[in-house]
Novice: 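Below: one structure in structure tokens.
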Amino acid sequence: QVQLVESGGGLVQAGEPLRLTCAASGGTFDTYAMGWFRQAPGKEREFVGGIARSGINTYYANSVKGRFTTSRDNAKNTVYLQMNSLKPEDTAVYFCAARLATQQHYISSWPDDYDYWGQGTQVTVSS
């Protein structure tokens, strides 16, 4: 059983950066592929970015590509989402998720593929 706790959300102005952190416990962190998702009010949960077990492979939604970067520190059981050039449309609750992955390079953009979820952290971008 893996527990995930996100932190780092807040209120920022458009164009400013923000870094989210997801701390994992209760599992062998480097056996899990990690994903970031977000959900705005009245909208479905959407994929933001993902990172494979080793941290070498990453994948992003087109809406954030070039602005957001995800990374992980397996020694610290932590995954990060660096968000630059934030826009008001990035406003949402951001979640990290984990999936046990047998393949080193596995990443999924589908929420249903993930086994464990954090409670989310609110990101609000003002114009």
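As a basis for the values below, the full set of heavy atoms in this structure was taken, side chains included, without hydrogen atoms, waters or symmetry mates.
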Novice: Supply the atom-to-atom distance Thr70 OG1 to Arg19 CZ, rounded to the nearest 0.5 angstrom.
Specialist: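 Nearest 0.5 Å value for the OG1-CZ distance: 11.0 Å.
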
Novice: Under 4.5 Å between side-chain heavy atoms, hopping through other hydrophobics if needed: is there a path connecting Leu20 to Tyr116?
Specialist: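 In one cluster: yes.
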
Novice: Check the side chains of Glu89 and Thr91 for a donor-acceptor pair under 3.5 angstrom, ignoring hydrogens and angles.
Specialist: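 Note: Thr91 and Glu89 side chains miss the donor-acceptor criterion.
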
Novice: Side chain of Ser85, backbone of Arg67: donor and acceptor closer than 3.5 Å?
Specialist: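 Pair absent, no side-chain N/O of Ser85 close to backbone of Arg67.
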
Novice: So do Gln104 and Asn57 actually touch side chain to side chain, heavy atoms under 4.5 Å?
Specialist: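 Not in contact.
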
Novice: Does the Gln39 side chain pair with the main chain of Glu44, one donor and one acceptor, at a distance under 3.5 Å?
Specialist: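 Checked: no pair found.
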
Novice: In terms of hydrophobic clusters joined by side-chain contacts under 4.5 Å, are Leu18 and Tyr60 together?
Specialist: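 Looking at the clustering, Tyr60 is in the same group as Leu18.
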
Novice: Are Tyr94 and Glu6 close enough that some pair of their side-chain heavy atoms sits under 4.5 Å apart?
Specialist: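 Counting from C-beta outward, Tyr94 and Glu6 never come under 4.5 Å.
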
Novice: Report yes or no: does Thr121 contribute a side-chain atom to a donor-acceptor pair with the main-chain N or O of Gly9 at less than 3.5 Å?
Specialist: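 Yes, because the side chain of Thr121 sits within donor-acceptor range (under 3.5 Å) of the backbone of Gly9.
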
Novice: Linking I/L/V/M/F/W/Y whenever their side-chain heavy atoms sit closer than 4.5 Å, directly or via other members, would Val64 and Val12 fall into one cluster?
Specialist: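 Val64 and Val12: one cluster.
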
Novice: Any chance NZ of Lys65 has more than 12 other-residue heavy atoms, nucleotides or ligands included, within less than 6.0 Å?
Specialist: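 Count over threshold, so yes.
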
Novice: Identify the heavy atoms of Met34 and Ala98 that sit nearest to each other, and give their distance.
Specialist: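 The pair with the smallest heavy-atom distance is SD-CB, 3.5 Å.
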
Novice: Phe68 versus Asn84: any side-chain heavy-atom pair under 4.5 Å?
Specialist: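 Not touching, per the 4.5 Å side-chain cut-off.
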
Novice: For a side-chain contact (heavy atoms from CB on, under 4.5 Å) check, start with the C-alpha distance between Lys87 and Val125, then their side-chain angles and the critical distance, and finish with the verdict.
Specialist: CA-CA 6 Å; Lys87 304 175 181 180; Val125 184; 5.5 Å; no

Novice: Going by heavy atoms in the side chains, are Gln82 and Ser71 under 4.5 Å from each other?
Specialist: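 Gln82 does not reach Ser71 side chain to side chain.
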
Novice: Check step by step if side-chain contact (heavy atoms from CB on, under 4.5 Å) holds for Leu81 and Val48.
Specialist: CA-CA 9 Å; Leu81 182 67; Val48 174; 4.2 Å; yes

Novice: Going by the rule side chain to side chain contact (heavy atoms under 4.5 Å, CB included), which residues pair with Ser108 if we only count those two or more places apart in sequence or in a different chain?
Specialist: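 Checked Ser108 against side chain to side chain contact (heavy atoms under 4.5 Å, CB included); matches are Tyr106, Trp110, Asp113, Tyr114.
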
Novice: What orientation do Trp117 and Phe37 show, parallel under 30°, tilted 30 to 60°, or perpendicular over 60°?
Specialist: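 Ring orientation of Trp117 relative to Phe37: tilted.
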
Novice: To the nearest 0.5 Å, what is the distance between OG on Ser54 and CG on Asp30?
Specialist: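 If we round to the nearest 0.5 Å, Ser54:OG and Asp30:CG are 10.0 Å apart.
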
Novice: Are any side-chain N or O atoms of Asp115 and backbone N or O atoms of Gln1, one a donor and one an acceptor, separated by less than 3.5 Å?
Specialist: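 Side chain of Asp115 to backbone of Gln1: no pair is present.
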
Novice: Could you measure the distance from the CD1 atom of Ile107 to the OH atom of Tyr59? Nearest 0.5 Å is fine.
Specialist: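 That separation rounds to 9.0 Å.
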
Novice: For Pro88 versus Ala14, what's the shortest heavy-atom pair and its separation?
Specialist: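 Taking every non-hydrogen atom into account, CD-CB, 4.1 Å.
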
Novice: What's the shortest heavy-atom distance between Phe47 and Ala61, and which atoms?
Specialist: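 Answer, listing the atom of Phe47 first, then Ala61: O-CB, 3.4 Å.
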
Novice: Between Leu86 and Glu16, is there a side-chain heavy-atom distance shorter than 4.5 Å?
Specialist: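 No - every pair of side-chain heavy atoms lies 4.5 Å or more apart.
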
Novice: Tell me whether the NZ or CZ atom of Arg72 lies within the 45° cone about the ring axis of Tyr32 and under 6.0 Å from its centre.
Specialist: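 Because its charged atom misses either the 6.0 Å distance or the 45° angle limit, Arg72 does not stack over Tyr32.
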
Novice: In terms of side-chain geometry, is the basic nitrogen of Arg38 or Asp90 positioned less than 4.0 Å from the acidic oxygen of its partner?
Specialist: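 Asp90 and Arg38: salt-bridged.
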
Novice: Can a cation-pi geometry be assigned to Arg45 and Phe95, taking NZ or CZ under 6.0 Å from the six-membered ring centre and within 45° of the ring axis?
Specialist: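 Yes, Arg45 and Phe95 form such a contact.
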
Novice: With a 4.5 Å limit on heavy-atom distance, are the side chains of Thr21 and Thr78 in contact?
Specialist: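 Yes - at least one pair of side-chain heavy atoms lies under 4.5 Å apart.
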
Novice: Is any side-chain heavy atom of Met83 closer than 4.5 Å to one of Val123?
Specialist: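 Yes; the side chains approach each other to less than 4.5 Å.
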
Novice: Out of curiosity, does Phe29 fall in the hydrophobic cluster containing Ile51 (side-chain heavy atoms, cut-off under 4.5 Å, transitive links)?
Specialist: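 Yes, Ile51 connects to Phe29 through the hydrophobic network.
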
